[in-house]
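A short worksheet on the structure shown next.
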Protein chains: 2
Amino acid sequence: MEKNKSLEAFFTEGYKRFRDGISIDCAIFGFHKEKLHVLLSKNIIITRWALPGGFVLKEENLEQAAKRITTERTGMDELFFRQFKTFGEPNRNIQKDLFDYNKFAEIAGFDVPQNTWMTQQSISIGYYAVSNLSESQPQIDIFNSECKWFPIDEIPSLGFDHEEILSEALHTLKIHLYHYPIGQTLLPDKFTLKEIKNLYEILSGKHLHASNFPNKLIGLGLIEKTEEKRNIGAHRAPTFYKFNQEVYEQMLKEGFVLV
Amino acid sequence: MEKNKSLEAFFTEGYKRFRDGISIDCAIFGFHKEKLHVLLSKNIIITRWALPGGFVLKEENLEQAAKRITTERTGMDELFFRQFKTFGEPNRNIQKDLFDYNKFAEIAGFDVPQNTWMTQQSISIGYYAVSNLSESQPQIDIFNSECKWFPIDEIPSLGFDHEEILSEALHTLKIHLYHYPIGQTLLPDKFTLKEIKNLYEILSGKHLHASNFPNKLIGLGLIEKTEEKRNIGAHRAPTFYKFNQEVYEQMLKEGFVLV
DNA sequence: TTATCATTTCCTAATTTTTAACAAATAATC
DNA sequence: GATTATTTGTTAAAAATTAGGAAATGATAA
């Protein structure tokens with residue numbers, strides 16, 4: 001196997017480009033077939049699935065890094081993004097048994113360098129994103145051999161402290177649901193009342209009324225009717241609705257309380 | 001002026017004890033004379049007031065560090081603590097004009113060492129705490145020449161990005177107000193209905209009804225009557241109330257939605 | 001062309017919650 | 001024992017929420 005130069009350079013030269021001791025992990029949520037999904041990736045060197053993550057370039061701020069990492073992995077940008085927590089247990093990322101050194105050597109053509117900047121202790125800053133899953137194109141690269149969506153109730157065992165990170169992301173998402181108009185980036189531009197009701201039911205875990213709940217959103221001015229309808233075969237065609245951009249931005253800026 | 005050995009050791013040897021590139025800043029809130037206050041301290045080397053902060057010991061986790069820093073500065077522990085955001089703009093802490101090198105040399109007896117671990121770029125993890133101000137005893141030390149409470153509407157100009165950090169802390173506190181029983185550590189063990197109403201009015205910025213709001217908290221089981229009353233002179237003595245510990249802990253764990 | 005059907009969406013009454021004003025209770029002082 | 005200022009309970013009106021059923025709809029089949 002030929003030596004993979006770019007991979008080797010990442011280990012040995014990466015400290016020049018990236019900030020030391022900091023990583024970013026992203027819980028990227030999507031909504032499909034009435035289920036919440038989360039994007040996981042499989043690093044070639046790590047034996048378990050994990051949240052997509054990466055490092056922060058020296059000239060970047062944290063949010064830019066999170067957005068870059070998410071775009072690299074999904075092809076999408078302009079998502080709803082929020083930082084939710086930073087994880088810093090001592091040695092949280094140093095778990096030797098999670099690394100598959102043999103497989104790495106086989107793929108990369110050289111042994112994992114020991115004691116480089118990458119293998120030092122680092123803290124991880126967690127961001128969550130909500131995306132329209134159907135528009136995403138999960139990407140692999142030299143570090144990630146697999147990348148795909150998992151329904152939230154079928155998450156495999158995750159590496160490092162990523163189960164805790166995902167759980168905190170969900171917790172924050174559920175709180176933010178009451179204060180930010182999260183739906184916009186989880187749904188297509190045009191959606192039916194049933195779809196937005198389903199979305200909120202799944203995120204909140206509560207049963208909502210088929211017309212009372214949409215009426216509340218309409219009453220707030222957050223969503224509004226369009227001219228178009230969806231053809232669903234031999235039934236009444238539901239009207240498409242869209243977010244009112246002005247109200248959406250105001251709620252995003254000022255926050256609101258949804259009950 | 002004699003050379004201050006412990007101060008010098010902090011600069012030159014600190015990298016052995018503390019994690020690199022990470023600092024903690026704490027927005028410590030208290031409630032006094034119907035106003036929300038925040039604790040600020042004045043570092044001997046920095047020309048502006050700032051939020052109390054510090055570094056993370058290598059064997060510590062982030063929350064332990066935040067608690068240690070808060071206890072050092074206030075003498076209090078067992079406060080309500082939450083991490084709210086991490087700040088990582090490139091070079092956010094490198095602002096030469098904020099450092100008073102002459103004053104430092106005068107006090108310490110040596111020049112500020114350049115290019116030590118302390119003067120490197122670092123990210124800051126923000127924690128907020130809510131405390132019962134009247135029980136606090138703001139402490140100074142070799143780094144901090146002053147430390148005191150400021151009413152939230154009389155905050156002086158702050159160093160670094162601490163105005164942004166404080167503003168984010170307040171924003172998070174106001175959201176958490178709806179989901180966590182924050183009052184417990186802001187109030188004395190026993191308080192009157194008027195006091196808890198005032199607290200929520202100030203934090204939420206909304207006017208609340210003198211009996212309807214307390215009745216809601218009583219209805220939730222969160223607070224309950226005690227046998228004692230406060231003597232306030234020639235008026236009806238208000239009854240002291242206390243938090244129901246069981247309900248409090250459950251709400252803390254499971255969250256709730258206050259409307 | 002019309003009847004049928006499943007689904008969306010509107011309507012309305014019942015219920016619950018919130019709000020606001022007022023009255024009662026209270027404890028120290030006059 | 002009356003007075004006073006404040007706390008706290010009561011109650012009725014207003015508002016919001018909930019739930020169920022009815023109407024509307026668009027495609028299909030008769």
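Quick caveat: nothing in here was measured; it's all calculated off a predicted structure. So you know, we letter chains A, B, ... as the sequences are listed, proteins then strands, and number each from 1.
Here the C1' atom of nucleotide D:dG9 and the CG atom of B:L193 are 11 Å apart, to the nearest Å. Rounded to whole angstrom, the span from the CG atom of A:N215 across to the C1' atom of C:dT9 amounts to 8 Å. As rounded to whole Å, 18 Å separates atom C1' of D:dT8 from atom CD of B:E224. Straight-line distance from the CD1 atom of A:I218 to the C1' atom of C:dT8: 12 Å, rounded to whole Å. Distance A:I196 CD1 to C:dT8 P: 15 Å, rounded to the nearest Å. Rounded to an integer number of Å, the gap from A:F240 CZ to C:dT8 P is 12 Å. Taking atom CG of B:L217 as the reference point, atom P of C:dT18 lies 12 Å away to the nearest angstrom. Look at CG on B:L208: it is 17 Å from C1' on D:dT7, rounded to the nearest Å.
A distance-only check finds no donor-acceptor pair linking the side chain of A:Q139 to the backbone of A:E72 [under 3.5 Å]. Judged by distance alone, the side chain of A:S41 and the main-chain N or O of A:E146 form no donor-acceptor pair under 3.5 Å. Counting only distance, with no hydrogens or angles, the side chain of A:S23 and the backbone of A:I123 share a donor-acceptor pair below 3.5 Å. Side-chain atoms of B:S136 never come within 3.5 Å of backbone atoms of B:T74 as a donor-acceptor pair (strictly under, hydrogens ignored).
The side chain of B:P238 lies closest to D:dT7 when the candidates are D:dT7, C:dC10, C:dA27.
Taking the six-membered ring for Trp and the full ring otherwise, A:F191 and A:F31 have centroids separated by 6.0 Å or more. Ring pair B:F213/B:Y200: centre-to-centre distance below 6.0 Å. You'll find the ring centres of B:H176 and B:F84 outside the 6.0 Å limit.
Counting non-hydrogen atoms under 4.0 angstrom, A:T239 reaches the backbone sugars and phosphates but no base. Among the protein residues, A:K225 comes within range of the sugar-phosphate backbone only, with heavy atoms under 4.0 Å from sugar or phosphate atoms but none that close to a base.
With the nearest nucleotide of DNA chain D identified for both A:S211 and A:A234, A:S211 has the one nearer the 5' end. Of the two residues contacting DNA chain C, namely B:H207 and B:A237, the nearest-nucleotide position lying further toward the 5' end is that of B:H207.
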Are any protein N/O atoms closer than 3.5 Å to N/O atoms in nucleotides 14-17 of chain C? If there are, list each pair with its distance.
none

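Side chains of A:N212 and A:N215: no donor on one and acceptor on the other come within 3.5 Å.
The shortest distance between the side-chain N/O atoms of B:K229 and the OP1/OP2 oxygens of C:dA27 is below 4.0 Å. Note on B:N231: every side-chain N or O is 4.0 Å or more away from OP1 and OP2 of C:dA27.
Counting distance only, with no hydrogens placed and no angle test, the side-chain atoms of B:R236 and the base atoms of C:dA25 include a donor-acceptor pair under 3.5 Å. Taking only distance into account, the side chain of A:H235 never meets the base of D:dA27 through a donor-acceptor pair shorter than 3.5 Å. For B:N212 against C:dA20, a side-chain N or O and a base N or O form a donor-acceptor pair under 3.5 Å.
In this structure, the helix from C:dT1-D:dA30 to C:dC30-D:dG1 shows an angle of 20° between the axis at its start and the axis at its end, each fitted on 5 base pairs and rounded to 10°.
Both tests hold for A:R82 against A:Y180: distance to the six-membered ring centre under 6.0 Å, angle to the ring axis within 45°.
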- request: Would you please test B:K35 and B:D153 for salt bridge (charged side-chain N to carboxylate O under 4.0 Å, His left out) and show each step?
  value: CA-CA 9 Å; B:K35 269 193 181 175; B:D153 54 0; 3.4 Å; yes
